[in-house]
There are 2 protein chains.
Amino acid sequence: MTFKRSCCPITNALDILGDRWTLLVIRDLVLGKRRYQEFISSPENIASNILADRLKQLETSGLVAKRAYQQSPIRYEYVLTKKGKGLEPVLETLVVWGQKHFPGTMVFPRVKRR
Amino acid sequence: MTFKRSCCPITNALDILGDRWTLLVIRDLVLGKRRYQEFISSPENIASNILADRLKQLETSGLVAKRAYQQSPIRYEYVLTKKGKGLEPVLETLVVWGQKHFPGTMVFPRVKRR
DNA sequence: GTGAGTAGCTTGCATACTGCAAGTGACAAT
DNA sequence: ATTGTCACTTGCAGTATGCAAGCTACTCAC
């Protein structure tokens with residue numbers, strides 16, 4: 001196997017996750033969000049072109065799967081794959097660190113479905 | 001407290017760590033590296049201006065402390081603060097995820113000192 | 001059937017960030 | 001006097017970000 005920057009697992013993870021938005025989209029997915037408008041309405045106010053770009057990248061890296069939830073007009077939703085769900089422990093340790101060092105931060109409640 | 005993007009701990013963490021290089025510098029620090037040339041010689045080939053910028057940012061966010069290790073000519077080295085060391089579990093979970101999903105990746109050995 | 005609304009994007013464009021290459025200043029060693 | 005080392009700094013072209021607006025394909029109310 002040949003790697004883009006190095007054979008370090010952290011480096012390869014950062015080539016997918018290393019920006020200010022990708023992990024927030026994954027956070028939303030972990031919280032139960034699935035649709036474009038749900039991501040858009042998160043408090044960080046992601047721009048729609050950036051969201052579209054990140055969803056596309058997450059799909060091609062196999063962290064997220066896109067599927068139609070209705071036909072006519074066709075509408076899509078996004079869900080985490082196993083690989084994507086595997087990032088939950090990373091988010092959890094990040095939350096622990098963040099809550100310790102940024103007083104006043106809090107976690108969002110999970111979105112309820114069905 | 002008022003936050004830049006939101007009161008989410010992940011968001012606030014990403015405002016410091018959310019790019020392709022910062023966590024690699026922290027990885028190097030965790031591995032025991034301290035000097036400019038040591039960071040420069042990591043296999044990812046960080047550009048020197050980016051390294052200088054990231055070290056400055058890490059210092060102002062209180063993750064890294066800069067100190068002179070000699071006078072005449074004055075030379076500096078960098079070490080993790082407690083806040084910076086607190087990121088070790090995050091790196092560890094990232095390594096676990098990375099090794100699982102990028103076959104062939106490996107962790108670097110710690111630098112020996114003294 | 002016209003108008004308004006909704007969902008999931010796409011496009012244009014100015015500004016900000018990234019990264020390569022080269023240069024700088026203060027020394028130490030030969 | 002020359003070469004080398006270390007810790008940066010600078011110039012500049014290319015890439016990414018983010019705001020605003022637009023687009024497509026519907027549904028629903030009137």
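Heavy atoms only: backbone and side chains are in, while hydrogens, waters and symmetry mates are out. Reminder, nothing fancy here: chain letters follow the sequence lines and each chain counts from 1.
- The interatomic distance linking A/Gln70 (CD) with C/dG8 (P) rounds to 8 Å, in whole Å.
- B/Phe39 comes within 4.0 angstrom of no nucleic acid atom, judged by non-hydrogen atoms across all strands.
- Of all nucleotides listed (C/dC9, C/dA7, C/dT18), C/dT18 comes nearest to the side chain of B/Asp19.
- Atom-to-atom, CD1 of B/Ile40 to C1' of C/dG19 comes out at 12 Å; the value is rounded to the nearest Å.
- Nucleotides of DNA chain D that come within less than 4.0 Å of any heavy atom of chain A span, from the 5' end to the 3' end, D/dT17 to D/dT27.
- Mapping A/Ile74 and A/Arg5 onto DNA chain C by nearest heavy atom places A/Ile74 at the nucleotide closer to the 5' end.
- Going from atom CD of B/Gln71 over to atom P of C/dA28 covers 12 Å, rounded to whole Å.
- Considering only heavy atoms from C-beta on, B/Leu29 comes within 4.5 Å of B/Phe39 through its side chain.
- Counting only N and O atoms by type, the side chains of B/Thr105 and A/Asn12 include no donor and acceptor under 3.5 Å apart.
- Taking the centre and axis of the six-membered ring of A/Tyr78, the NZ or CZ atom of A/Lys56 falls outside the cone set by 45° and 6.0 Å.
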>> Assess the residue pair A/Lys33 and A/Ser42 against the criterion (side chain to side chain donor-acceptor pair (under 3.5 Å)); give the C-alpha distance rounded to whole Å, side-chain angles, the decisive distance to 0.1 Å, and a yes or no.
In response: CA-CA 10 Å; A/Lys33 297 191 178 184; A/Ser42 280; 2.8 Å; yes
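- For the atom pair A/Asp19 CG and A/Ile50 CD1, the distance stands at 8.5 Å (nearest 0.5 Å).
- Formation of a donor-acceptor pair under 3.5 Å by the A/Glu38 side chain with backbone atoms of A/Arg35 is found in this model.
- Rounded to whole Å, the distance from CG on A/Asp15 to P on C/dT18 is 14 Å.
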> Can A/Tyr36 and A/Leu55 be said to form a side chain to side chain contact (heavy atoms under 4.5 Å, CB included), step by step?
Replying inline: CA-CA 9 Å; A/Tyr36 208 86; A/Leu55 287 172; 4.1 Å; yes
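- The heavy-atom pair separating A/Tyr76 from A/Tyr69 by the smallest distance is O-CE2, 3.3 Å.
- The CG atom of A/Asp53 sits 12 Å away from the C1' atom of C/dC9 (whole-angstrom rounding).
- Counting only N and O atoms by type, the side chains of A/Thr11 and B/Glu44 include a donor and acceptor under 3.5 Å apart.
- Nucleic acid contact for B/Tyr36: base, since at least one base atom lies under 4.0 Å from a heavy atom of the residue.
- Each of A/Arg75 and A/Ser48 has a nearest nucleotide on DNA chain D; the 5'-most of these lies closest to A/Ser48.
- Residue contacts shown for A/Tyr69 are limited to sugar-phosphate atoms, with no base heavy atom under 4.0 Å away.
- Regarding B/Ile50, its CD1 atom lies at a distance of 9 Å from the C1' atom of C/dC17, rounded to whole Å.
- A/Tyr78 has no side-chain polar atom (N or O) that falls below the 4.0 Å cut-off from OP1 or OP2 of C/dA7.
- When rounded to the nearest whole Å, the span between CG of A/Leu55 and C1' of C/dG8 equals 10 Å.
- Nucleotide C/dC9 holds its C1' atom 9 Å from the CG atom of A/Leu51, rounded to whole Å.
- Each end of the helix from C/dG1-D/dC30 to C/dT30-D/dA1 yields a helix axis from five base pairs, and these two axes differ in direction by 0° (to the nearest 10 degrees).
- Scanning both residues, B/Cys8 and A/Arg27, for their nearest heavy atoms gives SG-NH1, 3.2 Å.
- Between B/Trp21 and the phosphate of C/dC17, there is no side-chain N or O to OP1/OP2 separation shorter than 4.0 Å.
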